Engineer: 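The structure that follows is given in the form of structure tokens.
Being a predicted model, the structure only gives us computed values, none of them experimental. Side-chain atoms are counted along with the backbone in the values below, which use heavy atoms only and exclude waters and symmetry mates. Labels below follow one simple rule: chain letters A, B, ... track the order of the sequence lines, proteins then strands, and each chain is numbered from 1.
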2 protein chains.
Amino acid sequence: MGKTYYLIGKYNSILYRLSQAYISAELKEDAIGSGQYPFLLILYQQDGIPQEELSCQLSIDKGTTARAVSKLEAAGYVQRKNDPDDRRLNRVYLTTKGREIKPKLYEALEKWTHVMLQDLSQDEQSFLLRTLEKVVASVQKHHRE
Amino acid sequence: MGKTYYLIGKYNSILYRLSQAYISAELKEDAIGSGQYPFLLILYQQDGIPQEELSCQLSIDKGTTARAVSKLEAAGYVQRKNDPDDRRLNRVYLTTKGREIKPKLYEALEKWTHVMLQDLSQDEQSFLLRTLEKVVASVQKHHRE
């Protein structure tokens, strides 16, 4: 493995920082920080999932997850409720406000995705998607071990 | 552009968070946080570059850069000096301690890179590198505009 492969980590960090800056700027007036919107994206697919599941699916530790969900709750986007059948389960639900922000959030993500992929061919885009999927699987497998 | 391309951003975020956690854990006893090591990597290539250049090369804003460099200076890894010919230029230099940590830092990065790339063929690795390079170029071009 040559030294140049360190660059994959560097590129990954640069993309992360610039994407966070972009999304934060797009959602500035909605009081949704770059650390919070990924939780909304999961909830749009799985409303009411336990807070621990949010942590796990995003590979974000429990403390950071708890703070982000509290901010989203304070801003009115989500609500936490204990599961009636298992009081230890803390479930997170979208509010009406949380569902209403969905199109704006997806629009911001779509614009950002376009910025990232604008100079790639269709083949390069699908290759990138598949390869990153494999890399994430390797890394998550290692993380759980 | 299909919805699946949002996943590129998601994978990018997951890789970023897990890499930061990994490097922080590896360098825990050396008091180098995950927000600081990227600056050392640049300095290993270009010792004494102005602090503003560090910001620019890593796409990290000036305030965050100033805080990270201060932490590295407090821990004894770098030293800031004004340029004798242009007092407004704040240059950052590695100390002996900063140079001595280099092999350990590279070892941590190499281990992490191995975790990321372990399930990719050599062709997939080089394609990923080239493709990410293009994506970063597109994003940085947009960021400067």
Side-chain angles (χ1 to χ4, degrees), chain A residues 1-23 34-35 37-38 41-42 57-61 64 106 109-122 124-143, chain B residues 1-23 34-35 38 41-42 57-61 64 106 109-122 124-143 145:
Chain A
M1 190 175 61
K3 284 238 172 186
T4 50
Y5 289 102
Y6 295 132
L7 288 173
I8 291 178
K10 182 181 172 179
Y11 294 153
N12 181 245
S13 301
I14 289 177
L15 286 179
Y16 178 80
R17 285 191 289 267
L18 292 179
S19 75
Q20 296 301 82
Y22 186 92
I23 304 292
S34 60
Y37 79 84
L41 296 180
I42 301 281
Q57 288 197 30
L58 293 166
S59 296
I60 294 179
D61 67 75
T64 308
Y106 272 99
L109 288 171
E110 188 161 347
K111 279 157 69 184
W112 172 250
T113 308
H114 177 74
V115 169
M116 282 201 297
L117 304 183
Q118 61 186 322
D119 297 322
L120 300 187
S121 69
Q122 195 58 52
E124 287 173 317
Q125 293 184 21
S126 38
F127 165 82
L128 180 62
L129 185 64
R130 285 199 313 276
T131 311
L132 285 178
E133 200 159 37
K134 280 171 98 167
V135 172
V136 166
S138 308
V139 161
Q140 287 187 326
K141 188 178 67 188
H142 176 270
H143 189 62
Chain B
M1 190 174 62
K3 286 237 169 186
T4 50
Y5 289 102
Y6 295 133
L7 289 173
I8 292 177
K10 181 180 172 178
Y11 295 154
N12 178 244
S13 301
I14 289 177
L15 286 179
Y16 178 81
R17 285 191 289 267
L18 292 179
S19 75
Q20 296 301 83
Y22 185 92
I23 304 293
S34 60
L41 295 180
I42 301 282
Q57 287 198 30
L58 293 166
S59 297
I60 294 179
D61 66 75
T64 307
Y106 272 99
L109 289 170
E110 186 160 348
K111 278 157 69 185
W112 173 250
T113 308
H114 177 75
V115 170
M116 282 200 296
L117 305 183
Q118 60 186 323
D119 298 322
L120 300 187
S121 69
Q122 195 56 52
E124 286 173 317
Q125 292 185 21
S126 38
F127 204 108
L128 180 62
L129 185 64
R130 287 201 308 277
T131 311
L132 284 179
E133 200 158 38
K134 280 171 98 167
V135 172
V136 166
S138 308
V139 161
Q140 286 187 326
K141 188 177 67 188
H142 176 271
H143 189 62
E145 270 163 12

Engineer: Ignoring hydrogens, what is the shortest heavy-atom contact between A/Asp119 and B/Ser138? Give both atom names and the distance.
Structural biologist: OD2-OG, 2.7 Å
Engineer: Between A/Leu18 and chain B, which part of the residue has a heavy atom less than 4.5 Å away: side chain, backbone, both or neither?
Structural biologist: side chain
Engineer: In terms of heavy-atom proximity below 4.5 Å to chain B, should A/Tyr11 be classed as side chain, backbone, both, or neither?
Structural biologist: both
Engineer: Measuring from B/Ser13:OG to A/Tyr37:OH, what's the distance to the nearest 0.5 Å?
Structural biologist: 4.5 Å
Engineer: Under a 4.5 Å heavy-atom cutoff, which of B/Val115, B/Asn12, B/Thr131 has the most pairs with chain A?
Structural biologist: B/Asn12
Engineer: Should A/Lys10 and B/Ile42 count as side-chain neighbours, where that means a heavy-atom distance under 4.5 Å?
Structural biologist: yes
Engineer: Nearest 0.5 Å please: distance from the CG atom of A/Leu15 over to the CG atom of B/Leu15.
Structural biologist: 10.5 Å
Engineer: Of the listed residues (B/Lys141, B/His142, B/Gln20, B/Gln140), which shares the most heavy-atom pairs with chain A below a 4.5 Å separation?
Structural biologist: B/His142
Engineer: Kindly give the heavy-atom pair with the smallest separation between A/Phe127 and B/Glu124, and that separation in Å.
Structural biologist: CZ-O, 3.7 Å
Engineer: Of the listed residues (B/Ser59, B/Gly9, B/Ala137), which shares the most heavy-atom pairs with chain A below a 4.5 Å separation?
Structural biologist: B/Ser59
Engineer: Which atom pair, heavy atoms only, marks the closest approach of A/Val135 to B/Met116?
Structural biologist: CG1-O, 3.5 Å
Engineer: May I ask you to test the A/Leu132-B/Leu7 pair for a side-chain heavy-atom distance under 4.5 Å?
Structural biologist: no
Engineer: Side chains of B/Val139 and A/Ile14: does their closest heavy-atom pair fall under 4.5 Å?
Structural biologist: no
Engineer: For B/Leu58 and A/Arg17, which heavy atoms make the closest approach, and how far apart are they?
Structural biologist: O-NH2, 2.8 Å
Engineer: Name the region of A/Thr64, side chain, backbone, both or neither, that has any atom closer than 4.5 Å to a heavy atom of chain B.
Structural biologist: neither
